[in-house]
Each structure stands twice: as structure tokens, then as C-alpha cells.
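Below: one structure, written as C-alpha cells.
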Amino acid sequence: MNKVHVKTGDTVVVLSGKDKGKQGTVLAVSPKERKVIVEKINMVSKHVKPRRMGEPGGIIKAEAAMYADKVQIVCPRCKKPTRIGHKIFEDGSKGRICRKCGEVI
């Protein structure tokens, strides 16, 4: 079983690579490959063939997948990149918390 520390919709910051320091929202997560796709991060050029009659082809820019280890979640309260902690609350539910300020993410 492969677990990834980020979920779709989380705001993350890139830790390494050509987009180091940039922030974006997670669009998709692939736990099997341990990869994520982040909005406006890791942009690549793709050559696209026209599929139907009259549809244009050409070179388009698209987000490529990157390893989930290269991103870290940004806490919504303290606005800092942080690791994720897990906590079991009084009502028995489990949630993700910020390691720096203790806020529920």
C-alpha cells in the first residue's frame, strides 16, 4: 500500500527542482506512482495531433507529474511549509494537523 501525504486541493510548495519555492494547488494525486500534479508547476510542452476534422494540433503547455516527496503542504493558518501530523479527536475522528502551529488541515 502506497500512501501520499498530500491530497487533491491542498496548497503545496515545491522543495527542489526547477520550480523550487513556487506554490500551487494539487490537481491530481497518483499514490501508486507516488506522484502529484500541481497547478502551474512543472510545465512541459506537448505535441498534440488533431483528433477530429477541423480541430487544431500543435504544441501546448501542460503540467507534468512530479514526485510527491518534492512538495510540502503549506499550513492555511501560519502560511509556512510544514510536515503533517495525525491526531485522533475526542469524538473518535482522525484528522491531519500542522506540526508547527497545531492547526487542523
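Please read these numbers as outputs of a predicted model, since none were measured by experiment.
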### Query
Would you say K7 has more than 12 foreign heavy atoms packed within less than 6.0 Å of its NZ?
no

### Query
Would D10 and R96 pass as an ion pair if we require N to O under 4.0 Å?
yes

#### Entry: Shortest non-hydrogen separation from E103 to R77 and the atoms involved
OE1-NH1, 3.0 Å

### Derivation and outcome, side-chain contact (heavy atoms from CB on, under 4.5 Å), residues V104 and F89
CA-CA 11 Å; V104 177; F89 302 110; 3.8 Å; yes

### Message
Applying side-chain contact (heavy atoms from CB on, under 4.5 Å) to V38 and E63, what does each step give before you reach the verdict?
### Response
CA-CA 7 Å; V38 183; E63 294 99 351; over 6 Å; no

### hydrophobic_cluster_shared for V26 and M66, side chain cutoff 4.5 Å
yes

### Query
Under the salt bridge (Lys or Arg N to Asp or Glu O under 4.0 Å) test, which residues partner R52, sequence neighbours left out?
E55

### Taking every non-hydrogen atom, the tightest pair across V74 and V12
CG2-C, 4.0 Å

### Message
Looking at N42 and A65, would you say the former's side chain and the latter's main chain have a donor-acceptor pair under 3.5 Å?
### Response
yes

### Task
Drop me the distance from Q72's CD to Q23's CD, to the nearest 0.5 angstrom.
11.0 Å

### Query
Does atom NZ of K49 have more than 12 heavy-atom neighbours, drawn from other residues, nucleotides or ligands, at distances under 6.0 Å?
no

### Query
What about L27 and V6, same hydrophobic cluster or not, with Ile/Leu/Val/Met/Phe/Trp/Tyr joined at side-chain heavy-atom distances under 4.5 Å?
no

### Query
Going only through I, L, V, M, F, W and Y residues with side-chain contacts under 4.5 Å, is there a path from V4 to I41?
yes

### Task
Determine, step by step, whether I60 and S45 satisfy the side-chain contact (heavy atoms from CB on, under 4.5 Å) criterion, reporting the C-alpha distance in whole Å, the side-chain angles of both residues, the deciding distance to 0.1 Å, and the verdict.
CA-CA 6 Å; I60 62 163; S45 298; over 6 Å; no

### Message
The test is side-chain contact (heavy atoms from CB on, under 4.5 Å); show your working for C75 and K80 and say whether it passes.
### Response
CA-CA 6 Å; C75 176; K80 294 180 182 175; 5.6 Å; no

